[in-house]
Each structure stands twice: as C-alpha cells, then as structure tokens.
Amino acid sequence: MSDSGVVVRFAPSPTGSLHIGGARTALYNWLYARHTGGKMLLRIEDTDLERSTPENVQIILDGLRWLGIDWDAPPVHQSQRVGHYRPLIQRLLDEGKAYRCVCSKEELDAKREAAIADKRKYLYDRTCRDRNLGPDCGPHTIRIKLPLDGEIAFRDVILGPISMQVSEFDDWIIARSDLTPVYNFVVVADDHDMGVTHVIRGNDHLNNTPKQLIAYEALGFTPPEFAHMPLTHGADGKKLSKRHGAASVTDFAKLGYLPQAVRNYLVRLGWSHGDQELFTDGELIALFDIHDCNASPGIMDLQKLEWINQQKMMSLPPSSVAAEWLPYLRERGYEVEPGAWLDRLVEVCRERFKTLVEMADHVRYFFAEPESYDDKAAKKWLAAPNAELIELLATRIENIAAFTEPALEEMYAKICEERGVGLGQVAQPVRVALTGNTVSPPIFDTIVLLGREKTVTRLRKAAAFASSSG
Ligand code: GLU
C-alpha cells in the first residue's frame, strides 16, 4: 500500500508494566498504520521523573515486540524535549493568547474550597487575565486564554460527535511556577512536531481532548483526528487489573499464550468483521480500520482467549509455535535448539494443550528420564508378568533396521499377532516406561522423538523394575 500520510503514535507513560488496555491501544495504532501504509511512532511520556524508570521503558518495549508491534522511527522521549516547549509558550505570551498569573496557591485553594462549599464547579476566576503581567512579576504560572463563550466540538472517530461548552473550562495552566509545561500542553506540541494525524488512545483521555483542542487553536496548529477507545474491563465490570488474574502483557506471556492469540483476541475486543473470530496477521492488517471500532467497553474473557490460543496453536506452522515455545522450555532447564526435532514435537503434542505453559509442563520426559512411575500406571503395566515383554521390545527396537514410525508400527503389529494381544497391551507398558505415565502423544511418535538409545535404556530400566516388582 502506498504512503497514505497517516501518522499514529503510541505514547506510554513508563510508570509500570504494559497494561493489556495499553497493549490494545498500541495494537490499534499499529494496525491502522500498517493498514493504511502510514507510520507508527512511539513516544515515551517520561516526564514524571519519580515514577518513570528505564526498566519500565524496557518492559514496555519488550512487551510491544512480543506482541509483534514494530515502529518506524526511534522512540521519542518526552523528557529530552523540554527545550521545545518554551518557545511555544513564549509565542502564546507574545501574541496575548496566554498570560502570567501570580495568584498564590493559598488564594486558589481558598477559592476552590469556597466553590466546593457552595456546590459549584471550581473554575479559575481569571483574576490575572487582563493584568498584562511581565516576566518580572515574581513567582507565577502561565495560563492559556480561553474564548469566553462558544463550543468546543469535534467528531471522535469511535465515539461520534462530542461537544462541550467553553464555559465548562477555565484558563488552564500551561506552565507551572517552575515554568515546566504541563502534560496537556506538551502532548499537543509533541503530536504536532511528530506530524501525528490520528490520536488513537484510551477514553480515559477524553476529558483532556477539549483542553488540547484549545491549545491547538491557540498555537495555530491543525488538530489531528481523535479516536478514543473504550477501556478494557474485567468480567465484574471493573477496570482490568491484576486482581482479575492477569492484566499486563507480561502476565499473559507468563500464562503461556501465543502472541498471535493475544493479538487476535485484543483486536476483537472492540472491533469485528462479520462474525469471524480468527484472523491471520495478514487478514488483520488488510481488514482492520479504526473507523469500524465500537464504543462499548471490551470485557476480558479468558475462556475465549484460551480458545483462540488453542486454535492458533493448531493452525500456525509448527515452527512458529516452536519459536514462541522455546523460552518456556529453556526456563524449565531443558536443553533444546530450534529445528526439525522441536517442530515435530510441537506437531505431535499441540492438540492436547491449551497453552504453551501446559505443553511445556507436559513434555518433561522428552528431556529427562522420568524420576518415578505413576503408582497406578506402574501397578498395571510394569508388573512382573510384563517384564519379559518389555525386554523383548527393548531388543527389537535396538535392532530394528529403520527407526521410523511405520517400521515401529509394523514391528508392534507383529508382536501383537505373535502373542494374540491388542496394541494397548503392548503400547501402554512402553508408554509408562518412557514417560512415567499413561498419557503421551501417539506411541510411535514418542519413540522416534525420544530416539533409539533413550528408548532402549528406559525400556530396560522398566523391565528391571517390573521383574523386581511383585
Ligand atoms: N501517556 C498517556 C498514557 O499512558 C497517553 C497519552 C495520549 O495517548 O495522549 O495514558
């Protein structure tokens, strides 16, 4: 797609982990950029120096990468842009669109309290608006001059037409007494400098938008389009938090969800395309449009995420699942490299598990000998009368010419025939010998994946166990 001129940005405040709601905001921005052939930018809003940490920035960037989100320029750090704001504030002062205010905190607090006591909404009474105070007026803040009446109206891409009376706002402070600019001013300056055409963000920022529009107007900048996304709630209707089991991208990764599944799930939480539930990444990029998002809050439904995850585990190429699974295996101390063996392991295991964690927890026996046999399984299948059969299987497998699934199947069939028993009678003792239990992927796949040597060693050990048991 050709460059559409669309520029979006994700602007996290690095005061904590990447919340799933923030991740959805990032994803919607990214998809819209990719859908339109526009640009995706990142702005780290790290002006709260006490709560913003480089570790949190790293967690957020890692979380975005994990989700498959990339960006088209190095992230902008707001803390490094302090010098950009002063000239803009000065310009507003010079043009009479902003003014110095020397009202003290105590005076303002007293007026606020009086308003509260009268049950009135507190708005600054514009005491300093027409005083033309100069730079040497003493300690002061800088306030923006609002029109005295009229309407602030805009059409939100998701929420539709929004309008508010100017009289609901006061001449808000754009620079504090230490002359640092406030958040709502900085955002306008940054979005303008970065050429942002669409601000896609959580609707917890909806109240900031009229103020920001006033700043756009005063600065003579064309405002972007705004799209305010409903927040993500837990099933109890409250804002999603750790209390709901998982709230950050890191939490979801820890639970063993595929990024492809989380992505699919998050996009569907507020956007739909007919009744289609599962989308490839290509489909999401082709179909997603911010204009089609809906305005009701997304309710987190872990069962649905689990279902999507299982569908993705089954439908993605085994190597893609393996690439995501590898860290979970290594975390458990399993020495494993990417490649055909691991891909095959995914292929034979995946249908039985809902998450990467469940699948990693199950496959221990591919990496280490079972420490013990499940009691019930051993009583049934590794009892003394089976010792000879297990030993025979060890010898046949040791000597089989082709160590492949079909050859093993043939060999098993032969043994069943010789002994007049069903496959289960011959497969289950082997399963217990190899895995410690009676559940595993199909037995021939398990044997081939484990390899001849380990299979034979484990069978001999199990035969010895069986002959020494009562
Ligand atoms: N830093 C803000 C936040 O994390 C986002 C501001 C914006 O998108 O305009 O909620």
Side-chain angles (χ1 to χ4, degrees), residues 6-33 38-61 63-64 67 69 71 73 75-82 84-85 154 156-159 162 172 174 180-216 219 221-233 239-241 247-250 266 270 290 293 297-298:
V6 166
V7 179
V8 295
R9 63 14 173 219
F10 177 55
S13 307
T15 54
S17 54
L18 178 57
H19 189 271
I20 208 73
R24 185 164 69 116
T25 304
L27 197 57
Y28 278 27
N29 275 288
W30 179 78
L31 279 173
Y32 191 54
K39 273 201 183 74
M40 166 76 179
L41 303 178
L42 283 190
R43 181 170 71 234
I44 309 297
E45 304 211 316
D46 54 355
T47 45
D48 181 345
L49 294 175
E50 271 159 36
R51 292 170 62 220
S52 306
T53 65
E55 293 74 32
N56 285 336
V57 174
Q58 201 50 49
I59 290 171
I60 291 170
L61 297 185
L64 294 174
L67 268 178
I69 292 174
W71 42 95
V76 169
H77 287 253
Q78 219 161 40
S79 59
Q80 287 161 19
R81 289 181 34 86
V82 180
H84 287 69
Y85 312 120
F154 68 101
D156 189 276
V157 170
I158 297 176
L159 304 175
I162 308 256
W172 50 282
I174 55 174
T180 54
V182 305
Y183 174 73
N184 275 318
F185 189 80
V186 163
V187 168
V188 170
D190 288 349
D191 282 335
H192 174 77
D193 280 2
M194 291 164 75
V196 171
T197 59
H198 293 73
V199 167
I200 303 170
R201 62 184 173 198
N203 73 5
D204 47 339
H205 287 281
L206 187 59
N207 285 337
N208 290 327
T209 308
K211 285 183 160 190
Q212 293 177 9
L213 284 169
I214 283 164
Y216 275 101
L219 288 163
F221 296 159
T222 308
E225 298 247 18
F226 289 95
H228 288 96
M229 301 169 42
L231 301 185
T232 310
H233 290 169
K239 187 169 188 267
L240 194 72
S241 77
S248 71
V249 170
T250 321
L266 286 180
I290 193 71
C293 291

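What you see is a predicted model; the values in this text were computed from it and never measured. As the structure lists them, so they are numbered: ligands from 1, and atoms in each ligand from 1.
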Exercise for the section: Check the pair Arg201 / Thr209 against side-chain hydrogen bond (donor to acceptor under 3.5 Å, both in side chains), numbers first and verdict last. Expected result: CA-CA 11 Å; Arg201 62 184 173 198; Thr209 308; 2.9 Å; yes

Practice task
Please report the C-alpha distance between Asp204 and Lys239 in whole Å, then the side-chain angles of each, then the deciding distance to 0.1 Å, and finally whether the salt bridge (Lys or Arg N to Asp or Glu O under 4.0 Å) criterion is met.
Solution key: CA-CA 11 Å; Asp204 47 339; Lys239 187 169 188 267; 5.6 Å; no

Identify all pairs of nitrogen or oxygen atoms, one from ligand 1 and one from the protein, separated by less than 3.5 Å, and list them with distances.
unit_1   : atom_1 : unit_2 : atom_2 : d
ligand 1 : 1 (N)  : Ala11  : O      : 2.7
ligand 1 : 1 (N)  : Ser13  : OG     : 2.9
ligand 1 : 1 (N)  : Glu45  : OE1    : 2.5
ligand 1 : 4 (O)  : Ser13  : N      : 3.4
ligand 1 : 4 (O)  : Ser13  : OG     : 3.3
ligand 1 : 8 (O)  : Arg9   : NH1    : 2.6
ligand 1 : 9 (O)  : Arg9   : NH2    : 2.8
ligand 1 : 9 (O)  : Arg201 : NH1    : 2.8
ligand 1 : 10 (O) : His205 : NE2    : 2.7

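Among Leu213, Val157, Leu206, the one residue that satisfies the side-chain contact (heavy atoms from CB on, under 4.5 Å) test with Phe226 is Leu213.
A salt bridge links Asp193 with Arg81: the closest approach of a Lys/Arg side-chain nitrogen to an acidic carboxylate oxygen falls below 4.0 angstrom.
Distance alone, capped at 3.5 Å, places no donor-acceptor pair between the His205 side chain and the Gly202 backbone.
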Result block: side-chain N/O donor-acceptor pairs under 3.5 angstrom for residues 180-187, not counting sequence neighbours:
unit_1 : atom_1 : unit_2 : atom_2 : d
Thr180 : OG1    : Arg176 : NH1    : 2.9
Thr180 : OG1    : Asp178 : OD1    : 2.7
Tyr183 : OH     : Glu45  : OE1    : 3.2
Asn184 : OD1    : Gln212 : NE2    : 2.8
Asn184 : ND2    : Asn208 : OD1    : 3.3

